[in-house]
Amino acid sequence: MNLERALLELIGTEEIEELELENVKVDVDELIFEIKRAAMAYQLAQAKQLPVSRTEEKKEVYAYTPPVKTYKGSVAEVCLGATKADGGTRGKVVKIGGQSTLYRFEGGHKNKPIVSFDVFDIPMPSFPKSLREFWGDVWEDPADWAKRAVKLGSEVVTLHLISTDPRIKDTPPKEAAKTLEDVLQAVDVPLIVGGSGNPDKDPMVFEKVAEAAEGEMLLIASANLDLDYKKVVDAAVKYKHNVLSFTSMNITDQQTLNRLLFDAGLPKERLVQDPTTGALGYGLDYTYSIIERLKQNALKGDELLQNPVFCGVTNAWAAREAWMNEPSWGPREYRGPLWEILTAITVINAGADGMMMLHPKAVKTVKNLLAAASGEDEGDGELRYEDWLGGV
Amino acid sequence: MAKISPLQIYKFLPGTNCLECGESSCMAFASALIERKKKIDACVPLMEKKEYAEKKEKLIDLLTPPVKEITIGNVVIGGEEVMYRHDLTYFNPTAFFIDVDDSMPRESLIEKVEKVRNFKITRIGQELTLDGIAIRSKTDDPTKFGETVLSIYENYYMPFILCSYNPEILEVGLEIAAERKPLLYAATRDNWEAVADLALKHGCPVVASSPGDIQGLADLVQNLSDNGIKDIVLDIGSYPGGKQFYEMNENLAILRRLAIEEREKLFGYPILGVPMVAWMKEKDAVKATMKEATLAAVQLLRYCDALILHSPETWSLLPLLTLRQNIYTDPRVPISVEAGARVIGSPDENSPVLLTSNFALTYYTVEGDLQSSKVSCYLLVVDTEGLAVEVAMAGNKLTAAGVKEALEEAKLLEKVNHKKLIIPGRAARISGEIEEETGWEVIVGPIDSSRIGGFLEEKWGV
Ligand code: B12
Ligand code: SF4
C-alpha cells in the first residue's frame, strides 16, 4: 500500500503524535507537518467533491423508526375520589398511574401526573415568607384554605391532620374527622388525608377519618412499616379508600410494605407508593434513581412495585436555599418557587404520578409543563426555533 | 445497555500482571478502566507489542462509550455509557454556556462575561461554576461578530460556542478563535457543506441542527461524518411549550435510547439544548428566566450534555447547578469528606470536641452551624463511608470502635486537656459503648446541629 495514502488515513485518528515511523529516515516533525497539510487539502477536496446527499448514498441508508419497546408489566391505575354514582360526593374523580410503557412516545401513558396543594389543620406561622404571603389569611380555617387551593388549580387537595400529634395539640380522632368533613363540604375535588406521623396515633385517626368519609375514595397518607398498617388497611377496605405506602428510600422496604398491605387485603388498584422525596440538593439524587428503578422494575414485571408513585415535593421548602434570605443567592421570592419547581420536574422525569406542593406559582408552572409534556397543550402558536439567533 | 464487567475487559488484556500500568494486576487495571481512573494507553505492552494488536483494537472498541466524548476548548461533554444513572453513573456533567451577542454594547458585554467567569458558589464542599460563553451573531454582520469575538478572545480564556447559520460569520469568528477549538453552531441541511469545510479546516467540533426532525438529523450526521467530521453535537431543537415541547421531550429520550440501547452510531454524540428560546416570546425578564430555568432542568434531565442559557441570574443558576450536582453525583459513592479532626474557629486546650460523620452534606451542615454560632472547637469527622449520622447508625457504620480509631488517629489528647466528647443526638444509642471503648466521657448533643450554639453555651459555658 502506498505509504502516503496510509499515513493520510491515519491523520484522522488524532494519534499523530504516536505515529510510528521506524523505517522512515526523515525529520519526523517536518514530515508530520507536511502530511497534515496534505491531509487537510485532501480532506477539503473530498468535502468539495462528495457532498453526499441521501439519494446518491452508497451503503444502506438509515431509516428512522421510533425505538418502541414492549414491556412485561404495567402500573395499576388508581382512582382518587368517587362521584355520587360511585357512592361518594366528589364532582369528578382523578385517575393516576396506569402506564404500560416507560415513555409517552411508546404509547402506554393514559394519565398525566397531578398536583395537590397541601392544607394543614392548624395555622403554619413557621412557613417561609413567600408561602405565608399566599396562605396566611386562610390558614385559620382548613376549609377556606382548601377552597383557595382548588381555585389555584389543585386537582386534589391534601389535608394534613398534624394537630393530632400528641406533642402538638393531641386533637382527638373524632375532631380530626370533623375537620375532614368540613373540607369535604367546602370543595368537591378528591382528597388525600395525612396524619401527623405519630405511629401510635395515626391508625386511630385514620380509622375515624375513613369512617366519616365512607365511600369517598380518599388516599390515606400513609401506612408505613412503623405503625399498625393492618388497622389502616382494614379501615380503607371497609370504607372504600386508597392507601399510600410510605418507605424511606429503599426499594426492598417498598416491596416488603406493599406486600404486607396486599396481604392484609388491600386491592392492587388501591395502593399508591411514596419512596420519600429528598429536596433538591438534599437527597433528590437518591429519590430520582429510586423512582426510576421502581418504575422500570414495575414494567419489567415486579408485581410488588406496579403502583403509581406520589411525591412530597413540598420538602423542597426545607432546603435553606429555598427560603433563606441570602443576598448572594439572589432574591428568595424567585429562588424558593424555582427550588420547588426543579424538585418537581426531577421526580416527574423519574416517573412520579402525583406531587404535593405548596407555592402557587410553582404549581402553575408545573401544571403548564405537565400539560405540554402530555401533548395536551397546543401552546400559543408554533415557534420557529431557528429564529433564536436573531430573536432574543 | 449492559454494563461492561472487569472480566470482559480482562479478556483483551495481556494477562501477564507485569504491573507496568501501575495497578496491582491486569484485573485491577480492568476495574480502573471501567472507573475511568486509568486510560488504556497505561498498559504499555498492549499498546506496543504486535502480538496484542488485535486485542488492543477490540478493547478500544469495547471501551469507546456509545456517546462520544467531545471537547470544546477545555470542557469535555458526552462520554456517557448508560441511560439511567443507577445503571453505573453519569460521567461528564452538562456544560452550561451563557449567551452573549454581537449587538451588546462593549461595556455590558464585558460585564456579562466577567459575571460568567467569576460565578462560583460552594455547595457541600464543591464549587459550582459555569463552563463557557456562547457568542451569538444577532446582527448577521461579520464585522460586529468579529469585534465581539475578539474582545472576548483577547481577555478571557474560556470555552466558546460560535453561533450563526451563516458560514461567513462563523469563518470570521474562527479566524480569531480557532485555536481555542470552539464549538460551531450550526450545520443545517442548507449550509452544512460550507460549515463542514470550516470545521475540517480548523479542527473544531460542530453542531448538527435539525429541529424536530430525527430523520433529517440522521442524514445530516451521515453527511458530516462521510466528509470526515468526527466531533459532532446533536441539536433536535428546543421549545418552551406546546406540542413542540412534547415532541422535543420525547425526541431527547429517543435520541439517547438510539445511541445507547440500539447502538446506532449516527446518534452516538452529545446533545445540545438551547433553553434560552424561552426568551423569544417573553419580554418580562423574571418570567423569561423562570421559563428558561424550567426548560433547562427538563433538558438536563433528558440527557442534554450542553446548554445555552441567556440569564446569568444567581437565583436561577443556583438551583440549576444544584440539580446538575445531584444528577451527576456518582450513585455508587456518596459525596464524602476526609475523616480526621477539623479546627473550627480558634480552639484552645479547654475547647470542646464534637463528633460527626463524613457524609459531605452532614459535615458541611454541622460546620456551617458551628461557624454561625461562632464557637471554637475541634470537630472530629469519623469515616462512616459517606453516610449521614442516622443512616450510619442504622447501617452500623458509626461504631464505638470507629470512634476510638478516629480519636487516636487525630491525637486529640495532645490538643485538649480533657476527655469529653460531644456526639450527635442521633448517635445517643452508642454513647455507653463509646465511653467503654475509649475511656472518654460522652455528652449527647442535640438531634439537630442547628441548636448546637445554645447547647454549648449551656453545657460548656462558651
Ligand atoms: C438519604 C437517606 C438514606 C440514603 C443515604 C444517604 C447518605 N449518604 O447518608 C440511603 C438511601 C443510601 C439510605 C440507606 C439506609 N437508610 Co436511610 N435515610 C435517608 C434519609 C431520607 C435522609 C438522611 C439524611 O441525609 N439526613 C441529612 C443529614 C444532614 O443528617 P445527619 O447526618 O443525621 O445530620 C444531622 C444530625 O444528625 C445532626 N448532627 C450531625 N452531626 C452532629 C454532630 C453534633 C455534635 C450534633 C450535636 C449534631 C449533629 O445535625 C445534622 C443536621 O440536622 C433518612 C430519613 C430522614 N428524612 O431523615 C433515612 C433514614 C436515616 N434511613 C434509615 C435506614 C433504616 C436506612 C437503611 C438501614 C435501610 C434503608 N432504609 O435503606 C440504609 C442503611 C445504609 C447502609 N449502607 O447501611 C432510617 C433510620 C431508622 C433508624 N432511626 O434507625 C431513616 C431515619 C429512615 C426511616 N425512617 O426509616 N438512607
Ligand atoms: S500493564 Fe497491562 S499487562 Fe501489565 S499488569 Fe497492567 S494491564 Fe496487565
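Just so it is clear: chains get the letters A, B, ... in the order the sequence lines come, proteins before strands, and each one is counted from 1. Being a predicted model, the structure only gives us computed values, none of them experimental.
A distance below 6.0 Å separates the ring centres of A:Tyr62 and B:Phe267. With ring centers used as reference points, B:Tyr239 lies 6.0 Å or more from A:Trp388.
Here A:Glu292 does not pair with B:Arg85 in a salt bridge; the nearest charged N to carboxylate O distance is not below 4.0 Å. A salt bridge links A:Lys69 to B:Glu261: one of the charged nitrogens lies within less than 4.0 Å of a carboxylate oxygen. For B:Glu313 and A:Arg335, the salt-bridge test fails: no basic side-chain N is under 4.0 Å from an acidic carboxylate O.
Residue contact with chain B, scored on non-hydrogen atoms closer than 4.5 Å, is absent for A:Ser248. For chain B, the nearby parts of A:Glu386 are the backbone and the side chain; heavy atoms of each come within less than 4.5 Å. Using a 4.5 Å cut-off between heavy atoms, A:Tyr288 touches chain B through its side chain atoms alone. Of the two parts of B:Thr188, neither the backbone nor the side chain holds a non-hydrogen atom closer than 4.5 Å to a non-hydrogen atom of chain A. There is no contact between A:Arg332 and chain B, counting heavy-atom distances below 4.5 Å. Both the backbone and the side chain of A:Asp387 have a heavy atom closer than 4.5 Å to some heavy atom of chain B. Proximity to chain A (any heavy atom under 4.5 Å) is shown, for B:Lys291, by neither the backbone nor the side chain. Of the atoms belonging to A:Thr365, it is side-chain heavy atoms, and not backbone ones, that fall under 4.5 Å from chain B. With a threshold of 4.5 angstrom between heavy atoms, A:Ile341 approaches chain B through side-chain atoms but not through N, CA, C or O. Contacts of B:Leu323 with chain A are made by both backbone and side-chain atoms, with heavy-atom separations under 4.5 Å. Looking at A:Thr343, neither its backbone nor its side chain comes within 4.5 Å of chain B, counting heavy atoms on both sides. With a threshold of 4.5 angstrom between heavy atoms, A:Leu102 approaches chain B through side-chain atoms but not through N, CA, C or O.
A donor-acceptor pair shorter than 3.5 Å can be found between the side chains of A:Tyr385 and B:Asp235.
Using cut-offs of 30° and 60° for the angle between ring planes, the A:Tyr334 and B:Trp315 rings count as tilted.
Options A:Ala372, A:Gly330, A:Pro337 differ in how many heavy-atom pairs under 4.5 Å they form with chain B, and the most are formed by A:Ala372. Listed options B:Glu282, B:Arg302, B:Glu262 were ranked by heavy-atom pairs under 4.5 angstrom with chain A; first place goes to B:Arg302.
In this structure, B:Lys138 contributes its side chain and A:Leu389 its backbone to no donor-acceptor pair below 3.5 Å. Within the 3.5 Å criterion, the main-chain N or O of A:Gly281 finds a donor-acceptor partner in the side chain of B:Asn326. A:Glu382 contributes no side-chain N or O that, together with a main-chain N or O of B:Lys243, makes up a donor-acceptor pair within less than 3.5 Å. The backbone N or O of A:Val392 lies less than 3.5 Å from a partner atom in the side chain of B:Arg136, making a donor-acceptor pair. Between the A:Arg293 side chain and the B:His86 main chain, no donor and acceptor come within less than 3.5 Å of each other. Remark: the backbone N or O of B:Pro319 is not paired with any side-chain donor or acceptor of A:Glu321 at under 3.5 angstrom.
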